[in-house]
Amino acid sequence: MDTSLTTPAAPASAAGAAGGRRPGFGTLLAVDLWERFSFFGMAAILVLYLTASEARGGMGMAPQTATAVFAAYMSLSFMAGLPGGWLADRVLGARRAVLFGGVLITCGHAVLAVPVTGTLCAGLLLVVAGTGLLKPAMAAMVAGVSGDGEGRREAAFSLFYLCIQVSALVAPVVTGLLAERVAWHLGFAAAAFGMTAGLFQFALGRRRYGDVGARPSRPVPRTEAAAMLRRATGAVAAVAALLVVPASLGLLPLPAVLAVLGLTTVTLPFRYLRALRRAAPPGEGNRRRLAGFTALMAASAAFWMIFAQSGSVLSLFAERHTDRDVLGFEVPASWFQSVHPLFVLLAAPFVARLWRRAGPGADVPVKFAGALIAAGLSFVLMAVATRLAEHGPVGPYWLLLVYLLYSCGEIALAPAGLALAAAVAPPGSTSRLLAVNGLFGAVGVVVGGQLFRLTAVMPLAWYFLLLGVFVLAVGTALALGTPRLRRMLGAMR
């Protein structure tokens with residue numbers, strides 16, 4: 001049994017000391033630091049840019065529309081990981097997928113940096129396509145250089161996830177200052193610089209990866225690849241003709257496009273996993289593991305539904321309802337996006353110590369349940385803060401406490417989810433199952449973005465309260481179902 005699914009991760013230092021990780025791990029970590037700089041830098045300013053008035057250089061969107069666009073961008077980034085993971089597994093190999101994805105991301109940020117009307121859709125779609133190629137391939141390479149052994153895979157992902165928070169901490173400060181105080185498009189340019197630096201780092205360190213990711217793990221025959229390329233080209237052309245181009249020209253209402261996207265996002269991961277269970281290697285244990293994986297991923301969508309609103313709903317709350325004056329200096333609203341990674345860095349050692357003291361009981365289902373309960377509590381607190389804000393701006397400590405709860409939940413759930421996906425993946429499908437892990441994040445993101453439209457007909461405090469109570473209920477149900485989930489995942493070999 002692969003006990004990385006049912007036992008706490010070994011300390012990262014122990015994993016490294018065991019000599020299981022290859023030298024390429026550090027290089028991949030440096031590359032992802034830059035990629036995360038570009039991602040978090042843009043995420044910190046996107047909604048603020050969309051809602052800023054045209055006089056201030058923004059798009060002048062209503063908050064409900066801007067948060068829906070942000071959710072669509074985030075969910076598409078997750079969804080793009082499925083075809084991107086397939087290309088990495090079957091056509092390009094993880095190494096070339098990372099390189100090509102990075103180039104697309106850089107081009108997308110560069111397009112957004114051009115102060116010309118009409119570049120928003122093109123720039124965001126380029127970033128989406130690049131992220132879809134890069135993220136699952138990068139995770140597969142991390143798994144490849146992490147070595148084997150009890151708990152080592154999850155320990156490697158935990159260390160990786162922890163270290164990239166440095167970029168998430170710095171990026172909003174840099175891009176936010178440039179965007180809010182100088183020019184919005186200059187903030188996007190800073191994100192482009194970050195991804196360009198990551199590409200150079202990746203190219204310079206290519207010899208350190210050994211044979212990891214050099215070739216597709218299960219190459220597709222040329223004839224089949226050509227046929228699939230033709231079908232994919234036709235599908236992309238159809239989507240562009242029916243949705244993207246009409247929406248860009250104002251011929252198709254944006255809510256209609258977002259509704260189609262939302263429906264696709266919610267159904268796609270379940271349909272894909274059902275097909276994967278049918279095609280799984282013979283044996284009841286394989287299907288039970290995938291069924292347990294599906295249940296945990298579905299529950300994780302509730303966590304990401306709340307978590308992803310940090311860059312949209314909470315950014316707007318920071319801008320409009322939070323006292324940001326510090327000794328006469330008004331803190332940019334985007335800087336609050338740096339609070340979360342700061343708390344991750346500070347809280348991670350304490351959470352790791354908690355898992356070690358908990359022993360075998362702190363397995364994946366327990367971590368997921370704890371993360372959901374923390375996320376639910378955060379929105380209950382936001383409901384209280386919103387009621388207080390009806391009488392004037394509230395202190396920043398409300399958002400600080402919410403971000404602390406977010407951070408503890410993410411530390412518990414995110415690395416465990418990546419390790420779980422890598423462990424249950426059938427042979428030759430690692431990148432794709434890692435992408436499925438992201439797809440359930442997309443489900444939560446797009447649902448949260450659409451639900452925010454309710455604030456047009458209900459008080460914001462009620463919105464926070466209803467979502468918080470719902471996620472608390474999901475976390476409680478997951479905690480009560482932990483024994484059954486352990487049995488489903490206990491067949492790992």
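In this text, all values refer to a predicted model and were calculated from it rather than measured experimentally.
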**Student:** Hey, are the side chains of V127 and F39 touching, using non-hydrogen atoms and a 4.5 Å cut-off?
**Tutor:** no

**Student:** For the residue pair L126 and G108, what are the closest heavy atoms and their distance?
**Tutor:** CB-CA, 3.5 Å

**Student:** Sub-3.5 Å donor-acceptor pair from the side chain of W184 to the main-chain atoms of Y49, do we have one?
**Tutor:** no

**Student:** Side chains of T67 and Q309: closer than 4.5 Å at any heavy-atom pair?
**Tutor:** no

**Student:** Under a 4.5 Å cut-off applied to non-hydrogen side-chain atoms, are H185 and L112 in contact?
**Tutor:** no

**Student:** Assess whether atom CZ of F193 is packed by more than 12 heavy atoms of other residues, nucleotides or ligands within 6.0 Å.
**Tutor:** no

**Student:** Can you see which heavy atom on A137 is nearest to which on A88, and at what distance?
**Tutor:** CB-CB, 4.0 Å

**Student:** Quick one: closest heavy-atom pair of G102 and L134, and the distance?
**Tutor:** N-CD1, 3.7 Å

**Student:** Could you walk me through whether V445 and F70 pass the side chain to side chain contact (heavy atoms under 4.5 Å, CB included) test, one step at a time?
**Tutor:** CA-CA 9 Å; V445 171; F70 179 82; 5.8 Å; no

**Student:** Just verifying a value: how many Å separate Y406 OH and S378 OG, rounded to the nearest 0.5 Å?
**Tutor:** 4.5 Å

**Student:** Assess the residue pair L199 and L99 against the criterion (side chain to side chain contact (heavy atoms under 4.5 Å, CB included)); give the C-alpha distance rounded to whole Å, side-chain angles, the decisive distance to 0.1 Å, and a yes or no.
**Tutor:** CA-CA 7 Å; L199 285 174; L99 183 62; 4.1 Å; yes

**Student:** For I105 versus S38, what's the shortest heavy-atom pair and its separation?
**Tutor:** CG2-OG, 4.2 Å

**Student:** Any side-chain heavy-atom pair from F37 and V170 closer than 4.5 angstrom?
**Tutor:** yes

**Student:** Are M297 and F368 packed together at the side-chain level, in the sense that at least one heavy-atom pair is separated by less than 4.5 angstrom?
**Tutor:** yes

**Student:** In the structure I gave you, are the side-chain heavy atoms of L413 and S300 within less than 4.5 Å of one another anywhere?
**Tutor:** yes

**Student:** Looking at A302 and L372, what are the two nearest heavy atoms and their distance?
**Tutor:** CB-CD2, 3.8 Å

**Student:** For G41, is there any backbone N or O sitting under 3.5 Å from a side-chain donor or acceptor partner on T175?
**Tutor:** yes

**Student:** Measuring from atom CG of L46 to atom CE of M74, what distance do you get when rounded to the nearest 0.5 angstrom?
**Tutor:** 9.5 Å

**Student:** Determine, step by step, whether H340 and F307 satisfy the side chain to side chain contact (heavy atoms under 4.5 Å, CB included) criterion, reporting the C-alpha distance in whole Å, the side-chain angles of both residues, the deciding distance to 0.1 Å, and the verdict.
**Tutor:** CA-CA 10 Å; H340 160 66; F307 178 87; 3.6 Å; yes

**Student:** Tell me whether S338 contacts the main-chain N or O of L169 through its side chain, where contact means a donor paired with an acceptor under 3.5 Å.
**Tutor:** yes

**Student:** Is the backbone N or O of A192 less than 3.5 Å from a side-chain atom of T196, with the two atoms forming a donor-acceptor pair by type?
**Tutor:** yes

**Student:** Decide yes or no on side-chain hydrogen bond (donor to acceptor under 3.5 Å, both in side chains) for Q337 and Y403, but give the supporting numbers first.
**Tutor:** CA-CA 9 Å; Q337 297 302 304; Y403 282 123; 3.2 Å; yes

**Student:** Would you give the length of the straight line joining atom OG1 of T131 to atom CG of L104, rounded to the nearest 0.5 angstrom?
**Tutor:** 9.0 Å

**Student:** Minimum heavy-atom separation for G409 to A371, with atom names?
**Tutor:** O-CB, 3.2 Å

**Student:** Once rounded to the nearest 0.5 Å, what's the spacing between atom CG of L50 and atom CE of M61?
**Tutor:** 5.0 Å

**Student:** Can you tell if the side chain of L87 reaches within under 4.5 Å of the side chain of L133, non-hydrogen atoms only?
**Tutor:** yes

**Student:** Roughly how far apart are K367 NZ and L478 CG, rounded to 0.5 Å?
**Tutor:** 13.5 Å

**Student:** Does the side chain to side chain contact (heavy atoms under 4.5 Å, CB included) test come out yes or no for M305 and L451, once each step is laid out?
**Tutor:** CA-CA 10 Å; M305 177 183 68; L451 286 177; 3.9 Å; yes

**Student:** I want to check something: taking the side chain as every heavy atom from C-beta on, are F336 and L314 in contact at a cut-off of under 4.5 Å?
**Tutor:** no

**Student:** Kindly compute the distance separating CZ (F343) from CG (L405), expressed to the nearest 0.5 Å.
**Tutor:** 9.5 Å

